[in-house]
Amino acid sequence: MIALIDCNNFYVSCERVFDPKLKGKPTIVLSNNDGCVIARSDEAKALGIEMGTPSFMIKDFIRKHNVRVYSSNYTLYGDMSARVMRVIKEFIPRTEIYSIDEIFADVSSLTHTNPTELAMQIRESVMRCTGIPVSIGIAQTKTLAKLANRYAKKTRPGDSVFCADEEWKIQDILAFTQVEDIWGVGGQYHRLLKKNGFHTAADFINAPEGWVRKEMAVVGLRTQQELKGIACTEWQDEVKGKKNICTSRGFGKLITTKREVQQAIGTFTSSCAQKLRKQNSCAQRIHVFVQTNIHRKQDDQYFHSITLDLTVPTNSTRELLKYAMRGLDIIYRPGFKYNKTGVMVMDLVPADQTQLGLFESDTSGAKEKATMTAVDGINQVYGNDVVRMAKQEFNTKWKLRQNHLSKCYTTRFKDLMKVKAN
DNA sequence: TCTGGGGTCCTAGGACCC
DNA sequence: TCTGGGGTCCTAGGACCC
């Protein structure tokens, strides 16, 4: 049996841990640039605030209903996530972190324990150690566990735990779940399934396999199998390195000079390089893109991207910057109001398995590596942006808008909470 | 009139996830 | 004024090979 444990309204819950006054109050967390709603408390959901709504569209509504608003604070959420995961791993050795707020756990190895009781214990323990409420669904496959989890949230608000260990419970969940709420069914497949008369997961299970294969490819077929209790997704016992790494950002305001775009690209490239070195990988290709604001109908639109092959796989900031700037030179067009750019490093290979270029000497590689290690070391101790490459410069024009940012309570000494005792 | 067949690799784009 | 960011996997079709 597989358990899916996920944090309820995770980002909002993180904010609530450090400001208990938010309890019972409608609260939302916004995406970068304070753009869209990406997390909502139950009270905010009850008010009808939808996921993904641009915040400026509901400004008046927010004020009217006194909705508490936060900019996203990923430093805080990342650290809280690690704490939650640590607690869960103490109960179940075999786990697989699926996202910042979700983890699969293999509970079949713990045969001596009743899964429901175990789930209750985990829930209680996570709440006590971190202050974060979680829901837990247990079933035969990952897909069914996802459904069980959702079922628990919707029908068991008290304990938020559901274990589908009997046939009638599985049937209950399948009949309860609309096709669009199945893990693996998005907008396209939702329309397709509805059009063909499949409304619930129970309906979908009865769709002919040939039809599913033809219309939804093997991915759809796998989802269907998983719903029937046949496991099709492999268990990932070790954390796999990423195959691509991307850093991209929309700007707080529109940008019109090449120099500013270069600064942004420089910073994003440097960020990609750091992430590469952290997972001990080198990239073989780099992808750069620029775009204008697609929502501004009154502006001329421009989108262009380019992918460059690197002669030698690398994770050196300097080397990657060279290619990124070359790419930007090719795709940049003056006269547009740019809104967003990004850099992606692709086709990653382990850093220790890279081949030297024909004209590269081993000593130059070693020197570059030593430089980067030093840069990372200094930045780690003194903050992320102390040492930079020339192209990054220091510029705040295109930085994020974050008007409602909470503090880094758990990762920065000056943000530690103070407790007064009389 | 009539122009092979089978395989691999790569890429772009689509679908999905949180 | 203002609309997120970061990923994965699969597939179709073209290029290329013998």
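Letters A, B, ... mirror the listed sequences (proteins, then strands); counts begin at 1. Bear in mind the structure is a predicted one, so any value in this text is a computation, not a measurement.
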Distance check needed: C:dT3 P versus A:Gln301 CD, whole Å only.
12 Å
Sequence neighbours excluded, every pair satisfying salt bridge (charged side-chain N to carboxylate O under 4.0 Å, His left out) that has a member inside residues 77-90 of chain A
A:Asp79-A:Arg83
Scan for salt bridge (charged side-chain N to carboxylate O under 4.0 Å, His left out) pairs involving residues 195-209 of chain A, sequence neighbours excluded, and state none if there are none.
A:Glu209-A:Lys228
Hey, does the side chain of A:Arg296 come within less than 4.0 Å of C:dT1's phosphate (OP1/OP2), counting only N and O?
no
Using whole Å, what does the distance between atom P of nucleotide C:dC2 and atom CD1 of A:Ile28 come to?
19 Å
Whole-Å gap separating P (C:dG4) and OH (A:Tyr11)
15 Å
Using a strict threshold of under 4.0 Å (side-chain N to carboxylate O), is an ion pair present between A:Glu102 and A:Lys146?
yes
Sorted by chain and residue number, the ring pair (Phe, Tyr, Trp, His ring centres under 6.0 Å) partners of A:Phe336 (sequence neighbours excluded) come out as A:Tyr302
Take atom CG of A:Leu30 and atom C1' of C:dT1, then tell me their distance rounded to the nearest Å.
16 Å
List DNA chain C stems (3 or more consecutive Watson-Crick/G-U pairs, under 3.5 Å)?
B:5-18 with C:5-18
A:Met51 CE - C:dG4 C1' separation (whole Å):
10 Å
Here the salt bridge (charged side-chain N to carboxylate O under 4.0 Å, His left out) pairs for residues 5-18 of chain A, sequence neighbours left out, are A:Asp6-A:Lys153, A:Arg16-A:Glu43
Return the polar atom pairs (N/O with N/O) between nucleotides 5-7 of chain C and the protein under 3.5 Å, or none.
residue	atom	partner	partner atom	Å
C:dG5	OP1	A:Gly250	N	2.6
C:dG5	OP2	A:Lys340	NZ	3.1
C:dG5	O3'	A:Arg249	NH1	3.1
C:dG6	OP1	A:Arg249	NH1	3.2
C:dG6	OP2	A:Ser248	N	2.5
C:dG6	OP2	A:Ser248	O	2.9
C:dG6	OP2	A:Ser248	OG	2.9
C:dG7	OP2	A:Cys246	N	2.6

With A:Glu180, which residues qualify under salt bridge (charged side-chain N to carboxylate O under 4.0 Å, His left out), at least two apart?
A:Lys194
So, with a heavy-atom separation below 4.0 Å from DNA chain B, the residues of residues 201-225 of chain A are none
Any chance you could list the contact pattern along nucleotides 10-18 of chain B? Use B for base contacts, S for sugar-phosphate-only contacts and - for none, protein heavy atoms under 4.0 Å, 5' to 3'.
-S---SSSS
Partners meeting salt bridge (charged side-chain N to carboxylate O under 4.0 Å, His left out) with A:Lys243 (sequence neighbours left out):
none
Any salt bridge (charged side-chain N to carboxylate O under 4.0 Å, His left out) pairs touching residues 133-143 of chain A, not counting sequence neighbours?
A:Glu96-A:Lys142
Regarding C:dT8, can its base be found pairing with the side chain of A:Lys240 as donor and acceptor, where the two atoms are less than 3.5 Å apart?
no
With sequence neighbours left out, the residues meeting side-chain contact (heavy atoms from CB on, under 4.5 Å) with A:Arg296 are A:Leu254, A:Asn293, A:Gln298, A:Asp299, A:Lys337
